[in-house]
Amino acid sequence: MMRSIVCILLFLMGSSVFAQKADFKACAKFSERNLSDYVYSLSVYPSWIGNSDFFWYYYTTGDGTVYYLVDAKKGKKQELFSTERLAARLAELTGKTEDVRNFKLGGFRFEGDNPYRLMFSRYGKDFEYDVKRDVLKEYSRERKENSFSRVPYWQRWSPDSNYMVYAYKHNVYIQEKGDTTSYQLTTDGERYYSYSFQRDKDTDKKEGASITWSGDSKVFYCLRQDRRNVGEGYLIDHLAEPRPTLKTYKFPMPGEKYVYTYDLHLFDAEKRSHQVVDIAKYPDQEVKVMLFDFNKYPEYIYFTRKSRTCDEMDLCRVDTRTGEVFEIIHERCEPHFTEQLFECRILNGGEDILWWSERSGWGQYYLYNKEGQLKNPVTTGDFVAGRITEMDTLGRSFVFEGYGREKGINPEYRLFYKVNFDGSDLTLLTPGDGFHSIDLAKNGKYLIDNYSRADQEPIAELRDTKGRKIMELERPDLRLLYEMGWRKPERVKVKAADGITDLYGVMYRPFDMDSTRKYPIIINVYPGPQENFVPQSFTLDDNGNESLAQLGFIVINVGFRGSCFTRGRNYHCFGYGNLRDYALADCKFVIEQLANRYSFIDLDRVGIYGHSGGGFMAAASILTYPDFYKVAVAASGNHDNNIYTKWWGETYHGVKMHEKKAGKQDSVVYSFESKIPTTIELAKNLKGKLLLITGDMDINVHMAHTIRLANALMQANKRFDLMLIPGADHGLGSPYYVNLIRYYFIENLLGQRVDNVDMNSID
């Protein structure tokens, strides 16, 4: 008898795990769509007035919208105008009643650097407002005709307007001003190998030529891409009327023989001549023309060329008078260059070159002269110097993003610094503990800093470019948000599977949670390597995770080793050569640590989901650790990276180059090989519940990825779920898709069937 009672009690205790019910009302209440009604301005978006020290902005709170004028030099803020008085004066002139509470003006204009003469348009009329005297009057301004609107889109005129260039049937034509005859400069243009912007289809119309004129109007150039032999992808638009249609597109894949290649063409307008510049060095090299003041310095063109193996790159200069190529900088970076952060700036007519490199293991800037000789390192240290925000060539300094330099601050937070070309006076401009965005004054003296964290509301500050805080401008009005019960998520810091490396993330809890109970845990994943999508700044409902938690889950989002390019080369390249598996051990270890840290996390009910690379990782996780993950949702996953885009697989997993001599002259033939492990190979391991989702019009990650995994699961005699969303591209982000994820976890982690809930009711 006692044994029977114990069994019953154990059964009841076990079944109580699934006794909790999903809180659909809380999910709907705290969805981003609903929360937006309780939030006003979150950031300051300034408009600087000419080159003055003044700027204006408007900011909305529960009390309405106020327009402000700020004197940055004095650190003083005042209302630009009284909404009530300006609305009243406007009503007197127009006879139209204004809604004072929702009064907003668009198209502000100021006269030069004068911050007190405000001009705007309303109801088809122009008005001038004297800010100091509080006087509004109507005025007539001369409206200039836009002469460019009369120029056909396909005409590319030289700066001196003496020559016009266009493309016709993929070739280049030139016509001199006053001449009725055009001269054909090329004959080898064709579809997919075109000199035209309209490169992928044939047309009998004149089109814009993909060319760039020099400032002296003597020469122009074209970087032409050869796409002819690249393999095609195919999609069927099943929803097309009246019958399904086939859509094709060029799509090079890892290891393929034919990929995009490039050639550079130089044209002389007066001579009507054309030459192909010899830029060849690496087989199947990638070529990019660098941003450069070609108007002021027409003698040179600058370009980079990168090897297909992604580990060698050159900066080259082309003499536009001779077509000769000079290699300025050569760099090798193993295993690959970080293209998201790479910068090269050609300054002062090429006398100075700023070059970004990871040669120290950390992204840093180096200053070279025009001959490619290193002058000096500009930034140094164990941190990442990121993209340049502002360049001051006269002051010989620049502002850039920085990551990981400040101790005690999440190394994935973006901060801003200023440094001189010679490496002196490195200055932190934005010291707040958070993720920063800045807006610099036109005169270079001041900046507006908006910063926040996932667990901190945005703060807007006015600072000078010496890093000194002048004043705080705004903090958002979130009274209604907190009154309705919304709570900020919690930042978490855990270790990677090596037990050493710090990982950072965010945890979301049900707002009404009972800490004495056990809750299923769901991890939202994206492994990178180019980004991890962990929210660094303040959001209301990041990726729907906050509202997902309100259904009765603990939801986390954490970055793993290899998932982020702002933490140095070793961290970023952790997954090189292991593109399928590199993040999986970290992910599992993160969940285990949090379960040990928080008693309310139920380690027997673990879910995982993601989209794109996250879908790929979610499926790989449940197939690698089938006893750990109970439920997975994999949306638009690139489950077979061998049929995904070339740049992804070859850059982040690797590609081998083979050389072979052929022919009587012993010429060298190159071939490339890339073989990436797939999720499909793990299909036989499935034990838990897996939902695959894909759109049938996804050009980025073709639905073939999902179909191949589904086929492998069937071959292994595994039960799984599959949802095809008609007409959907890669994004998928419809309410139906979002609720598919929610309901799948409700049914399989909470044990609650969802049959008759409106699929749109909780988004």
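All values below come from the heavy atoms of this structure, side chains included, with hydrogens, waters and symmetry mates left out.
With contacts defined as side-chain heavy-atom distances shorter than 4.5 Å, the pair Ile523/Ser621 does not qualify. Side-chain contact between Met723 and Tyr736: present, with at least one pair of heavy atoms (C-beta onward) separated by less than 4.5 Å. The shortest distance between side-chain heavy atoms of Met484 and Asn34 falls below 4.5 Å. Asp542 has its side chain out of reach of Val506: every pair of non-hydrogen atoms, C-beta onward, lies at least 4.5 Å apart. When side chains are defined from C-beta on, Phe745 does not count as touching Pro520, because their heavy atoms never get closer than 4.5 Å. Side-chain contact between Leu548 and Ile522 is present, with at least one heavy-atom pair separated by less than 4.5 Å.
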request  = For side chain to side chain donor-acceptor pair (under 3.5 Å), just list the numbers for Tyr609 and Asn545, CA-CA rounded to whole Å, side-chain angles, deciding distance to a tenth of an Å, and then say yes or no.
outcome  = CA-CA 11 Å; Tyr609 84 100; Asn545 285 327; 2.5 Å; yes

task = With side chain to side chain contact (heavy atoms under 4.5 Å, CB included) as the test, would you mind laying out the steps for Leu235 and His702 before giving the verdict?
result = CA-CA 8 Å; Leu235 293 172; His702 196 282; 3.4 Å; yes

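For Thr60, the side-chain hydrogen bond (donor to acceptor under 3.5 Å, both in side chains) criterion is met by Thr65, not counting sequence neighbours. When the side-chain hydrogen bond (donor to acceptor under 3.5 Å, both in side chains) test is applied to Glu412, the partners found at least two apart in sequence or on another chain are Asn532, Gln536. In this view, Glu457 and Pro476, Leu478, Tyr482, Lys488, Phe538 satisfy the side-chain contact (heavy atoms from CB on, under 4.5 Å) rule, not counting sequence neighbours. Every residue was checked against the salt bridge (charged side-chain N to carboxylate O under 4.0 Å, His left out) condition with Glu747, not counting sequence neighbours, and none meets it. Remark: Asn410 pairs with no residue by the side-chain hydrogen bond (donor to acceptor under 3.5 Å, both in side chains) rule, at least two apart or across chains. By the salt bridge (charged side-chain N to carboxylate O under 4.0 Å, His left out) test, Arg453 is found to be paired with Asp433, Asp455, residues two or more places apart in sequence or in another chain being considered. Residues that satisfy the side-chain contact (heavy atoms from CB on, under 4.5 Å) test with Ser537, not counting sequence neighbours, are Phe435, Ser452. Scored by the salt bridge (charged side-chain N to carboxylate O under 4.0 Å, His left out) test, Arg487 finds no partners at all (sequence neighbours excluded). Under the rule for a salt bridge (charged side-chain N to carboxylate O under 4.0 Å, His left out), the partners of Asp498 that lie at least two apart in sequence or sit in another chain are Arg561. Remark: Tyr629 pairs with no residue by the side-chain hydrogen bond (donor to acceptor under 3.5 Å, both in side chains) rule, at least two apart or across chains.
Taking the ring axis of Tyr504 as reference, the NZ or CZ atom of Lys493 does not stay both within 45° of it and closer than 6.0 Å to the ring centre.
Between the side chains of Asn641 and Tyr652, no donor N or O sits under 3.5 Å from an acceptor N or O. The closest side-chain donor-acceptor pair between Thr430 and Asp449, if any, does not fall under 3.5 angstrom. A donor-acceptor contact closer than 3.5 angstrom is absent between the side chains of Asn450 and His436. A donor atom on one side chain and an acceptor atom on the other are not found under 3.5 Å apart for His639 and Thr678. Neither side chain, Asn543 nor Asn557, offers a donor N or O lying under 3.5 Å from an acceptor on the other. Ser437 and Arg414 share a side-chain donor-acceptor pair at under 3.5 Å.
Shortest non-hydrogen contact noted between Asp602 and Ile521 is O-CG2, 4.2 Å. The shortest non-hydrogen separation linking Ala618 to Val525 is N-CG2, 4.2 Å. Minimum interatomic distance between Gly731 and His611 (heavy atoms only, all atoms of both residues): O-NE2, 3.7 Å. For the residue pair Ala28 and Ser31, the shortest heavy atom distance occurs at O-OG, 3.1 Å. The minimum heavy-atom distance linking Asp640 with His705 is given by the pair O-CE1, 2.9 Å.
Classification of Arg479 and Glu483 as a salt-bridged pair fails, no side-chain N sitting under 4.0 Å from a carboxylate O. The pair Arg387-Glu401 does not meet the salt-bridge criterion, since no charged nitrogen lies less than 4.0 angstrom from a carboxylate oxygen. A salt bridge does not link Glu472 with Lys77: every distance from a Lys NZ or Arg NE/NH1/NH2 to an Asp or Glu carboxylate oxygen is 4.0 Å or more.
Listed by first and then second residue, the side-chain hydrogen bond (donor to acceptor under 3.5 Å, both in side chains) pairs that reach into residues 713-729 are Asp721-Tyr744, sequence neighbours excluded.
Note on ring orientation: taking the six-membered ring where Trp is involved, the planes of Tyr526 and Phe533 are perpendicular (angle over 60°, cut-offs 30° and 60°). Ring orientation note: the planes of Phe600 and Tyr598 are tilted relative to one another, at an angle of 30° to 60°.
Residues Phe30 and Phe511 bring their aromatic ring centres within 6.0 Å. Checked against the 6.0 Å centroid threshold, Trp56 and Phe108 count as a close aromatic pair.
Residue Ile236 places its CD1 atom among 12 or fewer non-hydrogen atoms of other residues, nucleotides or ligands, all under 6.0 Å distant.
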Taking distance alone, no hydrogens or angles, what donor-acceptor pairs closer than 3.5 Å link side-chain atoms of residues 685-692 to residues at least two apart or in another chain?
| unit_1 | atom_1 | unit_2 | atom_2 | d |
| --- | --- | --- | --- | --- |
| Asn685 | ND2 | Leu623 | O | 3.0 |
| Lys687 | NZ | Asp627 | OD1 | 2.8 |
| Lys687 | NZ | Asp627 | OD2 | 3.4 |

